[in-house]
Amino acid sequence: MIYTVTFNPSLDYIVDVEHLTLGRVNRTKGEIIYPGGKGINVSIVLKNLGFDSTALGFLAGFTGEEIRSRMEAAGIRADFITVPEGMSRINMKIRSDEESEINGMGPYIRPEDIEALYGKLDTMAEGDVLVLAGSIPSMMPETMYSDIMKRLEGKGIRIAVDATRDLLMNVLPYHPFVIKPNNHELGEIFDVELKTREEVIPYAHKLRERGAQNVIVSMAGEGAVLVADDGTEYMSEAPEGKVVNSVGAGDSMVAGFIAGYLSTGSYEQAFRMGVCTGSASAFSEQLATKDEVEALMKKTFL
């Protein structure tokens with residue numbers, strides 16, 4: 001089974017406004033609403049690619065119930081923990097002459113809620129896959145990712161981590177199956193500027209040397225790089241297409257890599273599927289579908 005964890009899920013509300021003007025009533029000309037959060041995005045894309053997963057995390061209030069309902073309607077097992085204080089956040093993106101975002105806070109998560117999450121994670125078994133993605137709410141321990149990985153160490157669970165800076169570096173001693181920084185995040189870790197795929201490779205090797213098994217570095221229009229657990233390097237240019245919505249593209253790459261590896265056992269094929277899945281989401285208003293990914297795979301790599 002594949003499990004994803006989203007500590008602070010959201011309802012993402014995207015509105016199109018002709019010309020946003022502060023201090024007056026603005027009317028939308030289009031709007032979309034869907035469940036959001038990096039782990040949730042991974043679960044949705046995995047389902048689109050034909051892989052079931054269980055989505056874990058914390059929900060609260062009427063917004064939390066709406067997130068759960070939408071996940072279940074998509075055929076995803078929503079095994080979230082309901083917490084009593086606050087409400088799951090609404091994140092609003094306004095697309096106008098410029099893009100603006102307003103992100104909600106999310107609910108209060110108590111120590112006993114974290115223990116309830118540990119109880120669910122303790123049921124995982126050898127061969128399972130766990131995806132830890134996104135930021136950690138301020139009321140939770142900053143060591144949450146590494147605490148989870150330490151708890152699951154030695155159980156034969158493949159863990160994917162999509163996080164930044166200290167969150168990412170702190171999990172490396174526990175040998176995550178795959179990590180996915182982008183080139184800017186990788187540059188921040190080592191205090192360098194990385195613009196090309198060739199520049200990225202030695203620093204991806206450094207993360208592998210520090211404990212990561214596989215390191216994918218996403219680079220938007222510059223493509224992506226994979227340094228696999230045997231040291232093999234793979235590079236890809238970005239597939240051709242028009243970027244419509246980049247939200248969720250990185251999460252989609254993680255989902256595509258996992259789906260590709262579970263399907264073929266090949267890091268090269270997993271990398272290619274990750275690249276095309278991330279791009280397919282970027283080229284669409286919604287997250288990537290299987291047909292979109294397969295079409296892009298044929299166009300890009302065959």
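- Partner Met235 forms a side chain to side chain contact (heavy atoms under 4.5 Å, CB included) with one of Glu222, Arg197, Met219 and no other, that one being Arg197.
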Working for side chain to side chain contact (heavy atoms under 4.5 Å, CB included), residues Asn170 and Tyr145
CA-CA 8 Å; Asn170 290 342; Tyr145 278 10; over 6 Å; no

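- In this structure, Glu199 contributes its side chain and Lys195 its backbone to a donor-acceptor pair below 3.5 Å.
- Using the six-membered ring where Trp is involved, Tyr261 and Tyr267 have ring planes that are parallel, under 30° apart on the 30 and 60° scheme.
- Atoms CG and OH, from Leu152 and Tyr118 in turn, are 9.0 Å apart once rounded to the nearest 0.5 Å.
- A 4.5 Å side-chain heavy-atom check between Met149 and Val161 finds at least one atom pair inside the cut-off.
- Atom CD1 of Ile109 sits about 9.0 Å away from atom CD1 of Ile81, to the nearest 0.5 Å.
- Between the side chain of Arg70 and the backbone N or O of Ile33 there is at least one donor-acceptor pair closer than 3.5 Å.
- Ring pair Tyr203/Phe190 is tilted by interplanar angle, where 30° to 60° counts as tilted.
- Residue Ala204 comes nearest to Val227 through the heavy atom pair CB-CG2, 3.6 Å, listed as atom of the first residue, atom of the second, then distance.
- Looking at every heavy atom in both residues, Leu167 comes nearest to Ser135 through CD1-CA, 4.4 Å.
- Using a distance-only test at 3.5 Å, with no hydrogens or angles considered, no donor-acceptor pair links the side chain of Ser69 to the main chain of Glu65.
- In plain terms, the two heavy atoms of His205 and Gly231 that are nearest each other are CE1-O, 3.5 Å.
- The shortest non-hydrogen separation linking Pro239 to Phe283 is O-CZ, 3.5 Å.
- Judged by distance alone, the side chain of Tyr174 and the main-chain N or O of Gly211 form no donor-acceptor pair under 3.5 Å.
- To the nearest 0.5 Å, the span separating CZ on Phe58 from CD1 on Ile67 amounts to 13.5 Å.
- Judged by distance alone, the side chains of Ser43 and Thr4 do bring a donor and an acceptor atom under 3.5 Å apart.
- Within the 3.5 Å criterion, the main-chain N or O of Leu59 finds no donor-acceptor partner in the side chain of Thr82.
- Looking only at distances, no side-chain donor or acceptor of Glu294 sits under 3.5 Å from a matching main-chain atom of Asp291.
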Applying side chain to side chain contact (heavy atoms under 4.5 Å, CB included), run through Leu207 and Leu186 and close with a yes or a no.
CA-CA 9 Å; Leu207 292 183; Leu186 184 62; 3.5 Å; yes

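- Judged by distance alone, with hydrogens and angles left aside, the side-chain atoms of Ser96 form a donor-acceptor pair with the main-chain N or O of Val17 at under 3.5 Å.
- Not one N or O on the side chain of Arg95 forms a donor-acceptor pair closer than 3.5 Å with the backbone of Ile14.
- If you chain together hydrophobic residues whose side chains sit under 4.5 Å apart, Leu287 and Val254 fall into the same group.
- Residues Asp128 and Met1 are in side-chain contact: their nearest non-hydrogen atoms beyond the backbone lie under 4.5 Å apart.
- Here the CG atom belonging to Asp229 is positioned 5.0 Å from the CG atom belonging to Asn214, to the nearest 0.5 angstrom.
- Inter-residue side-chain proximity for Met105 and Arg89 is flagged as unmet; no heavy-atom pair is nearer than 4.5 Å.
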Walk me through it: do Leu172 and Ile179 pass the test side chain to side chain contact (heavy atoms under 4.5 Å, CB included)?
CA-CA 9 Å; Leu172 296 184; Ile179 60 175; 4.0 Å; yes

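- Enclosure of atom NZ in Lys93 by more than 12 non-hydrogen atoms of other residues, nucleotides or ligands within 6.0 angstrom is indicated.
- Taking 4.5 Å as the limit, every side-chain heavy atom of Arg151 sits out of range of all side-chain heavy atoms of Leu121.
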Worked verdict on Ile2 versus Leu262 for side chain to side chain contact (heavy atoms under 4.5 Å, CB included):
CA-CA 10 Å; Ile2 305 171; Leu262 293 178; 3.7 Å; yes

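- Salt bridge status for Glu268 with Arg272: present, with a side-chain N to carboxylate O gap under 4.0 Å.
- Listed here is the closest heavy atom pair of Val275 and Ala224: CG2-CB, 4.0 Å.
- For the pair Leu226/Phe257, a side-chain contact is recorded, criterion being any heavy-atom separation below 4.5 Å from C-beta on.
- Of the possible polar contacts, one joining the Thr6 side chain to the Ile40 backbone as a donor-acceptor pair under 3.5 Å is found.
- Side-chain contact check for Asp16 versus Glu31: every heavy-atom pair is 4.5 Å or farther apart.
- The two residues Ser218 and Lys180 come nearest to each other via the heavy atoms OG-NZ, 2.9 Å.
- Between Met124 and Tyr3 there is a side-chain heavy-atom pair separated by less than 4.5 Å.
- Within a 6.0 Å sphere centred on CD of Glu237, heavy atoms belonging to other residues, nucleotides or ligands number 12 at most.
- Met169 has its side chain within reach of Ile189: a pair of non-hydrogen atoms, C-beta onward, lies under 4.5 Å apart.
- Between Arg110 and Asp113 there is a salt bridge, since a side-chain N of the basic residue sits under 4.0 Å from a carboxylate O of the acidic one.
- Using a distance-only test at 3.5 Å, with no hydrogens or angles considered, a donor-acceptor pair links the side chain of Thr300 to the main chain of Leu296.
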